[in-house]
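Counting starts at 1 for both ligands and their atoms, following the listed order.
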Amino acid sequence: TDEILRIPVVVHVVARTDAENISDDQVISQIEVLNKDYRATNADLAAVPDVFSSLVGDAKIEFVLATVDPDGDPTSGITRTSTTQSTFGIDNAIKFADRGGADAWPADRYLNMWVGLLRGGLLGYAQFPGGPADTDGVVITHTAFGTTGTATEPFNLGRTATHEVGHYLNLFHIWGDDGSGCGGTDEVSDTPNQGSENTGKPTFPKVSCNNGPAGDLFMDYMDYVDDDTMVMFTAGQVSRMRTCLETARSSLRV
Ligand code: ARG
Ligand code: ZN
Ligand code: CA
């Protein structure tokens with residue numbers, strides 16, 4: 001279908017220091033980015049080279065901070081947890097109160113987003129559809145969350161969440177997760193075959209795997225470039241995400 005799909009979001013802020021206890025404004029700035037990127041209304045979409053402009057997709061997905069908590073009580077959609085943990089890793093500890101984090105809200109009704117200080121330069125990670133409910137959602141380091149407060153260049157435009165929510169809605173990396181090979185696939189038919197991931201701010205065209213003259217779609221949210229360089233999903237990626245919301249994650253929609 002063509003309808004707008006709405007997803008209720010809860011943001012769990014898990015903090016040891018004042019800086020990590022990011023403001024409501026910073027959280028809201030992230031939701032605003034998601035609502036532009038998943039409607040293809042982001043201003044920097046103009047950076048897409050002409051040869052790729054026909055590939056741009058509008059996911060027609062909207063994100064709303066939850067207004068009702070799991071008990072049926074009013075909520076801001078933001079929870080705040082004080083922790084003694086100095087950093088968190090990819091081990092899901094941030095998702096459990098008994099490990100210094102915050103427990104998930106029911107994953108069939110809320111997109112859980114945890115924000116804390118991640119270690120080792122990790123910007124974020126996500127759980128694909130079909131996994132356990134108590135770890136379902138996305139995790140993002142606070143300096144790469146939203147566009148204000150502690151958000152820090154070059155990851156201060158909220159694109160880590162755009163990328164991680166892409167995984168949560170069943171998207172794979174655009175280079176096919178095969179190291180630098182040309183045999184991997186992201187299971188999307190309109191994305192060019194691409195060798196390895198791109199980082200930083202590549203110059204167009206960036207050719208790999210005989211994908212010239214247009215080359216890699218490095219300006220896609222599912223590559224690894226800087227926030228100001230990733231600006232689009234393709235129609236094929238959009239279709240995969242909407243299928244996920246109509247099947248595995250259909251209970252989320254409100
Ligand atoms: N999972 C990736 C990482 O932690 C996220 C990359 C997001 N990229 C970005 N430009 N915000 O490395
Ligand atoms: Zn990723
Ligand atoms: Ca590849």
Student: Do Glu20 and Thr17 have a side chain donor and acceptor closer than 3.5 Å?
Tutor: yes

Student: Could you walk me through whether Glu187 and Gln237 satisfy the side chain to side chain contact (heavy atoms under 4.5 Å, CB included) test, starting with their C-alpha distance in whole Å, then the side-chain angles of each, then the deciding distance to 0.1 Å, before giving a yes or no?
Tutor: CA-CA 9 Å; Glu187 308 288 349; Gln237 289 174 319; over 6 Å; no

Student: Search all heavy atoms of Asp103 against all heavy atoms of Ala97 and return the closest pair with its distance.
Tutor: OD1-N, 2.9 Å

Student: How far apart are the closest heavy atoms of Leu169 and Cys244, and which atoms are they?
Tutor: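 The pair with the smallest heavy-atom distance is O-CB, 3.6 Å.
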
Student: Quick one: which ligand 1 atoms are inside 4.0 Å of a heavy atom on Tyr224?
Tutor: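 The atoms of ligand 1 under 4.0 Å from a heavy atom of Tyr224 are 1 (N), 2 (C), 6 (C), 12 (O).
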
Student: Atom 10 (N) of ligand 1: which protein heavy atom is closest, and how many Å away?
Tutor: Val225 O, 2.6 Å

Student: Under a 3.5 Å cutoff, is there a donor and acceptor pairing between the side chains of Asn198 and Asp223?
Tutor: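 Yes, Asp223 and Asn198 have a side-chain donor paired with an acceptor closer than 3.5 Å.
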
Student: So, 3.0 Å as the limit: is an N/O/S atom of Gly176 located closer than that to the Ca ion (ligand 3)?
Tutor: no

Student: Please state the angle at the Ca ion (ligand 3) spanned by O of Gly181 and O of Gly195: what is it, rounded to 10 degrees?
Tutor: 90°

Student: Which of the atoms in ligand 1, numbered in the order shown and given with their element, are less than 4.0 Å from a heavy-atom of Leu122?
Tutor: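 Ligand 1 atoms under the 4.0 Å threshold to Leu122: 4 (O).
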
Student: Measuring from the Ca ion (ligand 3), name the closest N, O or S atom belonging to Asp178.
Tutor: OD1

Student: Can you name the closest pair of heavy atoms from Val13 and Ile78 and give their distance?
Tutor: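 Val13 and Ile78 have their closest heavy atoms at CG2-CG2, 4.0 Å.
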
Student: Any N or O on Arg159 sitting closer than 3.5 Å to an N or O of ligand 1?
Tutor: no

Student: When you measure from atom 9 (C) of ligand 1 to every protein heavy atom, which one gives the shortest distance, and what is it?
Tutor: Asp227 OD1, 3.3 Å

Student: What protein heavy atom is closest to atom 5 (C) of ligand 1, reported as residue, atom name and distance in Å?
Tutor: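 Among all protein heavy atoms, the one nearest atom 5 (C) of ligand 1 is Glu164 OE2, 3.2 Å.
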
Student: For Thr162 and Asp37, which heavy atoms make the closest approach, and how far apart are they?
Tutor: OG1-OD2, 2.8 Å

Student: Which is the closest N/O/S atom of His167 when seen from the Zn ion (ligand 2)?
Tutor: NE2

Student: Could you please spell out the steps behind the side chain to side chain donor-acceptor pair (under 3.5 Å) verdict for Gln127 and Thr135?
Tutor: CA-CA 7 Å; Gln127 181 168 298; Thr135 51; 2.6 Å; yes

Student: Run the ring-centre check on Phe145 versus Phe155 and record whether the distance is less than 6.0 Å.
Tutor: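 Ring-ring flag for Phe145/Phe155: false, centres at least 6.0 Å apart.
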
Student: Could you list the atoms of ligand 1 found under 4.0 angstrom from a heavy atom of Phe155?
Tutor: 9 (C), 10 (N), 11 (N)

Student: What atoms of ligand 1 come within less than 4.0 Å of a heavy atom belonging to Thr160?
Tutor: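 Ligand 1 atoms under the 4.0 Å threshold to Thr160: 7 (C), 9 (C), 11 (N).
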
Student: Please report whether ligand 1 has a polar contact with Met230, defined as an N or O pair separated by less than 3.5 Å (distance criterion only).
Tutor: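 No: no nitrogen or oxygen of Met230 is under 3.5 Å from one in ligand 1.
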
Student: Please find out if the Ca ion (ligand 3) and some N, O or S atom of Ser208 are separated by less than 3.0 Å.
Tutor: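 No, outside the cut-off.
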
Student: Short check: any N/O/S atom of Gly183 below 3.0 Å from the Ca ion (ligand 3)?
Tutor: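 Of the N, O and S atoms in Gly183, none lies under 3.0 Å from the Ca ion (ligand 3), which means no.
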
Student: Is the Ca ion (ligand 3) under 3.0 Å from any N, O or S atom of Trp175?
Tutor: yes

Student: Is it the case that Arg240 places NZ or CZ above or below the six-membered ring of Phe233, under 6.0 angstrom from the centre and within 45 degrees of the axis?
Tutor: no

Student: Quick test of your reading of the structure: of Gly200, Gly166, Gly124, whose heavy atom lies closest to atom 3 (C) of ligand 1?
Tutor: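 Looking at heavy atoms only, the winner is Gly124.
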
